[in-house]
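The next block holds one structure in the form of structure tokens; read it before the comments.
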Amino acid sequence: MGQPSERLTGRPSERLTGRLGARGGLVWALLGVFALSALGCATVRPEERAVLADPIMRFDGNAREESARQHVFENREGSFGGGSVEGGGCGCN
Amino acid sequence: MRIARPLGSLALMVASALSVTGVGRAQVAEVDVRTLVFSEPSPDSDMMILNPSLRVSVTPFDALTVSAGYEADIVSGASEPIKAGPLTGPDIVSHASVTDLRHVATGGVTLRRKDTTLGVSYGYGTENDYRSHSISVSGATEFLQRNTRLELAYSRGFDQVCNAGYDASLAPTLRPRLDSSEGCFTDAPNRKLDSVDLDNYQAAWTQSWTRVFTTQLVATFGLQHGFLGNPYRAVVIGAGGQFAQEHHPESRGRAAAALRGRYFITGLKTAVGFGVRGYYDTWDIISQTYELNAERYLLPWLRLMVRGRYYSQSGALFWSDDYTGGEPVHGPRGAYFTGDRELSPLNSYLLGGRVLMSFTGGRDARVLGAFSGLDLSFGLDALKTDLKDYTWGGNAPTDTFATVVTLGLGAAF
């Protein structure tokens with residue numbers, strides 16, 4: 001057998017940053033705009049959170065069931081990650 | 001001896017949680033029982049997986065939650081131990097029965113103070129041919145009147161997989177596949193253990209934009225290192241039918257970013273959700289996922305959700321349906337070879353839904369006289385996979401349709 005392709009060897013973190021580096025500036029710029037807009041204008045007062053606090057608006061409304069479904073996908077597909085986490089409308093600890 | 005310490009720690013954690021409940025100090029104790037049934041019928045390669053799980057959590061103080069859980073994967077069916085392509089023909093494809101049982105025990109602690117949450121958890125998994133230890137830590141905070149939530153999480157896995165006892169210096173083209181789990185995790189000379197190290201990093205930003213609209217942006221990075229193939233699977237690599245254990249690169253970097261949102265349509269009293277995810281890894285798999293769902297209350301205690309999902313991915317750089325077709329040995333399809341369909345280009349389509357019944361009581365009005373809350377859920381999804389390039393010796397696989405049934409019962413005391 002021949003030598004492994006250079007693309008598949010070495011430290012994965014280095015390859016990852018190398019591939020993403022070209023578009024990294026644009027991604028960070030978009031994230032920055034998104035964050036600034038959040039800080040600047042998005043304010044829902046506590047008394048306005050009735051709908052957001054409803055379980056129907058939560059991203060992890062049924063977290064364990066969703067985790068099990070994601071496990072199925074990961075065993076039938078080549079990708080992973082980006083799953084929903086706690087949060088969403090509630091803000092009601 | 002190897003498993004005594006983590007299981008002992010877990011037992012201590014459960015005992016602590018239950019003792020707190022027993023003396024009546026807990027404000028909330030929750031028990032959650034779920035089962036997932038995955039069924040992939042096929043005349044050649046059917047597969048059935050049962051995934052029952054139990055989780056107990058206790059919140060003795062507002063600032064502390066202790067939880068413990070157990071789940072199992074009960075697998076029965078058939079798989080293809082030797083992968084051949086169209087050039088070698090279907091006569092070399094064989095199907096072997098598969099049965100396996102995986103146990104996973106978990107325990108965790110969550111601390112809360114004002115708008116900040118910190119969590120630590122540990123999990124131990126064992127099966128005949130695989131053992132895993134995982135540690136996870138996470139931190140989250142809310143600010144801007146709780147309109148903004150940021151979360152960071154990290155998990156580390158220390159796994160071991162049983163393999164055929166060949167020497168590491170043996171050429172990949174000569175390596176035998178693992179024929180059974182007999183002798184695994186013993187001193188048997190024809191068995192060895194390979195390590196798999198897993199690091200996952202995740203960051204999430206959840207934002208409420210209006211009183212009816214919220215979004216979530218999630219970024220995940222993963223690093224895997226070690227034996228990343230299936231030790232049982234072999235791939236035909238010679239025109240004469242010679243085969244060897246599948247051979248994957250030892251490292252894989254993975255990245256995913258997802259944006260999802262939920263919007264409540266007041267006129268329809270329905271919440272609609274969308275999700276978009278992009279994924280890339282250093283094996284050159286690029287994928288995209290699109291999700292839509294809608295959920296509404298049919299009754300104050302009854303919710304119905306319908307959902308759909310579309311997924312598409314490219315194949316790995318070293319993927320080939322047939323490695324006997326003259327690929328250069330110095331290229332990725334010569335240095336590595338795989339029979340894993342998840343590394344081939346594919347699309348998948350999902351349609352499904354869920355019914356959730358949720359009853360909430362109080363101190364003076366317990367549900368069924370005992371619970372402060374009770375949830376019952378039933379979900380059904382149909383998953384169809386379109387394998388663009390994967391065959392069993394040139395024939396299209398017959399196990400490309402699956403159903404996923406979920407049943408859940410959650411009770412709070």
Side-chain angles (χ1 to χ4, degrees), chain A residues 1-5 7-17 19-20 27 31 34-35 38-39 41-46 48-52 54-59 61-62 64-65 68-69 71-93, chain B residues 32 34 36 38 51 55 112 142 144-149 151 171-173 204 206-212 214 216 218 220 222-223 249 251-258 260 262 264 271 277 279 282 285 287 295 303 311 313 317 329-332 334-335 342-343 348 377 379 385 404 406 408:
Chain A
M1 276 304 178
Q3 294 300 309
S5 164
R7 207 169 181 180
L8 299 167
T9 57
R11 292 174 62 86
S13 56
E14 290 172 0
R15 293 197 308 278
L16 203 59
T17 51
R19 291 295 298 265
L20 295 177
V27 171
L31 285 175
F34 202 25
L39 295 171
C41 65
T43 304
V44 183
R45 292 192 297 272
E48 296 175 334
R49 302 185 66 84
V51 171
L52 293 172
D54 193 292
I56 206 170
M57 290 295 285
R58 292 179 65 86
F59 289 107
N62 212 325
R64 294 190 60 229
E65 178 190 310
R69 291 177 72 245
H71 186 59
V72 169
F73 296 144
E74 288 172 14
N75 279 284
R76 281 291 175 267
E77 298 167 353
S79 56
F80 95 124
S84 60
V85 298
E86 186 177 346
C90 188
C92 53
N93 286 337
Chain B
D32 192 277
R34 292 189 184 276
L36 181 145
F38 176 86
N51 174 232
R55 182 172 184 266
R112 280 177 295 275
E142 295 174 329
L144 294 177
Q145 295 187 326
R146 292 187 168 175
N147 286 296
T148 304
R149 176 187 170 91
E151 178 172 337
T173 51
T206 306
Q207 182 69 42
S208 298
W209 298 94
T210 74
R211 63 184 71 184
V212 294
T214 181
Q216 187 170 78
V218 181
T220 309
L223 297 172
S251 295
R252 188 180 190 183
R254 319 176 82 182
R260 54 181 61 88
R262 291 192 77 73
F264 188 79
R277 182 185 72 167
Y279 169 89
T282 54
I285 290 179
S287 79
E295 185 170 21
R303 282 153 56 185
Y311 173 82
Q313 74 171 48
L317 187 65
V329 295
H330 293 288
E342 288 99 65
L343 300 182
S348 73
S377 67
T385 303
V404 182
T406 53

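All values derive from a computational prediction rather than experimental measurement. Worth knowing before you read on, the calculation uses all heavy atoms, side chains too, and leaves out hydrogens, waters and symmetry mates. Below, read A as the first sequence line, B as the second, and so on, with proteins coming before strands; counting in each chain starts at 1.
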Note: R49(A) and N147(B) closest approach over all heavy atoms is NH1-OD1, 3.1 Å
Indicate the atoms forming the closest heavy-atom contact of L36(B) with A68(A), along with that distance. CD1-CB, 3.6 Å
Let me know if Q145(B) has heavy atoms under 4.5 Å from chain A in its side chain, its backbone, both or neither. both
Is V212(B) in contact with chain A via its backbone, its side chain, both, or neither, using a 4.5 Å heavy-atom distance? both
On a heavy-atom basis, the closest approach of G82(A) and R260(B) is O-NH2, 2.7 Å
Can you tell me how far OG of S377(B) sits from CZ of R64(A), rounded to the nearest 0.5 angstrom? 10.5 Å
I want to check something: taking the side chain as every heavy atom from C-beta on, are T210(B) and E48(A) in contact at a cut-off of under 4.5 Å? no
What distance separates D54(A) CG from F264(B) CZ, expressed to the nearest 0.5 Å? 7.0 Å
So, for R262(B) and R58(A), which heavy atoms are closest and what is the spacing to 0.1 Å? CD-O, 3.9 Å
Can you measure from CZ (R69(A)) to OG1 (T406(B)) and round to the nearest 0.5 angstrom? 7.5 Å
Just to verify, what does R55(B) make a salt bridge (charged side-chain N to carboxylate O under 4.0 Å, His left out) with, not counting sequence neighbours? none
Taking G78(A), G81(A), A50(A) one by one, which has the highest count of heavy-atom pairs under 4.5 Å against chain B? G78(A)
Is it the side chain or the backbone of F80(A) that comes within 4.5 Å of chain B heavy atoms, both, or neither? both
What I want to check is whether the side chains of S348(B) and E77(A) have a donor and an acceptor closer together than 3.5 Å. yes
Those residues at least two apart in sequence (or on a different chain) that pass side-chain hydrogen bond (donor to acceptor under 3.5 Å, both in side chains) with R277(B) are S79(A), T289(B)
Is the shortest side-chain heavy-atom distance between R211(B) and V44(A) below 4.5 Å? yes
